[in-house]
> 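Below: one structure in structure tokens.
This structure is a prediction, so every number in the text was calculated from the model and none was measured. Whatever order the structure lists them in is the order used to number ligands and atoms, beginning at 1.
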Amino acid sequence: MAAVQETKVTPYQMYIGGRWVDASNGATSEILDPSTEEVIARVPKATVADAETAVKAAREAFDKGPWPRMKAVERGDLLRRAATRIRERADELARLESLQMGKLFSEAIVDMSDAAHTFDYYAGLVVEAHGETLEVPGDTMSMVVREPIGVTVGITPWNYPMLMAAWKAAPSLAAGNVMILKPASVSPLTNLELAKIFEEVGLPEGVFQVITGPGGEIGDYLAASPLVDMVAFTGSVEVGKHIMRQGAENVKKVGLELGGKSPNIVFADADFEAAIDGALVGIFAGTGEVCSAGSRLIVDRAIYDRFVGELVSRAMAIKVGPALDEDSEMGPLVNKQQLATVEKYVQIGRDEGATLATGGHRLEGRGYYYEPTIFVDVDNKMRIAQEEIFGPVLVVIPFDGEQQAVEIANDTIYGLAGAVWTKDVTKAMRVVKALRAGITWVNTYHPTYSEAPWGGYKQSGVGRELGTYGLDEYTEVKQINIDLTDAPMGVYQRGKDKNVAGNRRVVPLSDRRPFRGDESKTDESWVQFCENCQPGL
Ligand code: NAD
């Protein structure tokens with residue numbers, strides 16, 4: 001009988017205050033490979049006491065440490081070195097990403113390259129960043145400087161562990177803040193590797209920390225802590241709202257990158273093959289576990305039948321398989337809960353009367369695999385068209401005319417992304433201008449750039465990541481006004497060179513009386529009300 005091969009379970013520690021530590025009570029959580037359902041690692045399950053230690057270390061690093069006081073160019077150098085290490089270790093890190101959350105290796109390797117680029121980008125941008133001088137009246141010089149906010153906390157989801165960490169840590173650290181990162185409980189491993197990289201390149205103690213633990217306790221504590229100045233959150237709308245409420249307690253700055261139900265609009269005059277490809281990439285890349293997924297495909301009725309026919313046959317041919325298998329075109333869902341969510345929504349779609357054109361089942365055997373699934377003839381009012389499913393489930397909605405396409409596209413609580421496919425440039429511009437969404441594409445779907453602002457309208461978020469906007473989010477703005485004359489402001493002139501001000505008398509020290517009859521205290525006031533004094537005397 002062949003020996004059963006046991007998967008190696010790697011123990012990890014978390015990185016708090018420049019030290020690698022276990023949870024204070026020794027508790028751990030298991031990390032599973034969703035392609036096989038095997039345990040691959042064990043990480044500390046932090047306690048609130050551990051989170052307190054991290055916040056104290058962060059406070060110390062920001063209030064007294066060298067990082068915010070270093071030259072921007074020196075901070076940039078360290079971030080650039082971290083980028084180089086991510087590139088050098090890209091294969092290993094991408095493999096780990098695939099193992100912990102089921103992303104195809106070919107997708108994970110792109111994430112590593114994008115993460116490295118994000119660090120390089122902000123290493124350069126922060127050196128270029130500058131304040132401004134303002135044209136103000138009078139002999140005054142007025143200027144604006146940007147300063148770091150302080151202790152920032154990054155709370156991230158499981159779908160892009162390394163990239164989301166980079167999108168937050170790069171601008172935050174570049175601007176001179178310190179950061180505590182709380183990755184999603186199911187996928188913290190590449191973030192722990194990132195902490196190793198920062199330690200290796202010589203980031204000062206407490207500047208970057210990674211705490212692994214349940215969001216409901218650790219994330220909650222960090223979001224509420226009065227010692228934290230900003231929380232940058234990426235995740236679901238539900239938790240985002242909670243974070244906003246927690247932050248409100250001490251009016252801390254909150255950045256939110258939330259969910260979406262993004263429209264992908266195909267006009268009859270689009271390049272047919274490019275639009276088919278874009279519709280498939282829009283929904284099935286990353287197993288549909290992508291916030292900006294083109295999960296509502298809105299198709300011109302003039303080409304609807306032909307488009308849907310081709311789309312369905314292409315979706316049926318997608319090879320679903322293990323994340324590390326080179327032949328796989330779509331990996332598993334992240335875990336059992338996400339699989340259950342997808343199954344629940346497919347049932348809802350059936351119950352709502354949508355036509356299931358393909359998919360609708362999980363694959364037999366180990367691993368959380370689900371078929372690429374397409375519902376057609378969907379009404380935009382249905383729950384499967386309104387709620388984020390976060391899996392490989394596409395809904396297809398027909399439209400008649402440009403105005404109706406825009407109405408359907410905008411009829412959602414979300415406003416993260418959207419795309420339009422047409423060869424008519426002016427129509428494309430009219431439609432993207434009309435879309436109430438922060439990220440739009442014409443004749444493509446999904447490309448993202450560190451240089452361009454990322455974020456949503458409506459319930460898809462607050463604030464922007466990436467680009468110059470992303471750096472601004474991690475800074476406070478201070479105005480400084482300097483009088484250039486050395487002259488007094490000259491407002492309260494009456495009492496000048498006299499011992500009298502208005503109808504109040506300045507009391508000489510020798511005349512000061514005991515305070516309200518209490519012999520133990522003397523009157524602290526050197527100005528007393530004088531009824532008989534005339535103003536100006
Ligand atoms: P989630 O909201 O369940 O969790 C996100 C993070 O919040 C995790 O680290 C989790 O541990 C933590 N958390 C959970 N409860 C918390 C609490 N009470 N207090 C503080 N932190 C808490 O989201 P998820 O399932 O990990 O990720 C999927 C969601 O993320 C989807 O809605 C997706 O659209 C969204 N997302 C958005 C973007 C974007 O850029 N807009 C990018 C990626 C993912």
> For ligand 1, which atoms have a heavy atom of Gly259 less than 4.0 angstrom away?
32 (O), 34 (O)
> Quick one: which ligand 1 atoms are inside 4.0 Å of a heavy atom on Ile243?
20 (C), 21 (N)
> Where's the contact between Gln246 and ligand 1, heavy-atom distance under 4.0 Å: side chain, backbone, both or neither?
neither
> Taking only heavy atoms of Pro183 into account, list the atoms of ligand 1 that are under 4.0 Å away from them.
9 (O)
> Have a look at ligand 1 and work out which part of Leu416, if any, has a heavy atom under 4.0 Å from it: side chain, backbone, both or neither.
side chain
> Test of understanding: with side-chain hydrogen bond (donor to acceptor under 3.5 Å, both in side chains), list the residues that count as partners of Gln338, not counting sequence neighbours.
none
> Which option out of Pro157, Gly235, Gly213 puts a heavy atom nearest to atom 35 (C) of ligand 1?
Gly235
> Given Thr234, Val239, Ile155, identify the one with the heavy atom nearest to atom 5 (C) of ligand 1.
Thr234
> Counting heavy atoms only, which part of Asp220 comes closer than 4.0 Å to ligand 1: side chain, backbone, both or neither?
both
> Using a 4.0 Å cut-off to any heavy atom of Asn159, which atoms of ligand 1 qualify?
43 (C), 44 (C)
> Which ligand 1 atoms, with their elements, are less than 4.0 angstrom from a heavy-atom of Trp158?
24 (P), 25 (O), 26 (O), 27 (O)
> What part of Val237, side chain from CB on, backbone N/CA/C/O, both or neither, has a heavy atom under 4.0 Å from ligand 1?
neither
> Heavy-atom contacts under 4.0 Å between Tyr160 and ligand 1: side chain, backbone, both, or neither?
neither
> Restricting to pairs with a member in residues 162-171, which pass salt bridge (charged side-chain N to carboxylate O under 4.0 Å, His left out), not counting sequence neighbours?
Lys168-Glu465
> With atoms numbered from 1 as shown, which atoms in ligand 1 lie under 4.0 angstrom from a non-hydrogen atom of Trp454?
39 (C), 40 (O)
> Pull out every atom of ligand 1 sitting under 4.0 Å from any heavy atom of Ala184, numbered as shown with elements.
8 (C), 9 (O)
> Between Lys182 and ligand 1, find which residue part has any heavy-atom pair under 4.0 Å and reply side chain, backbone, both or neither.
both
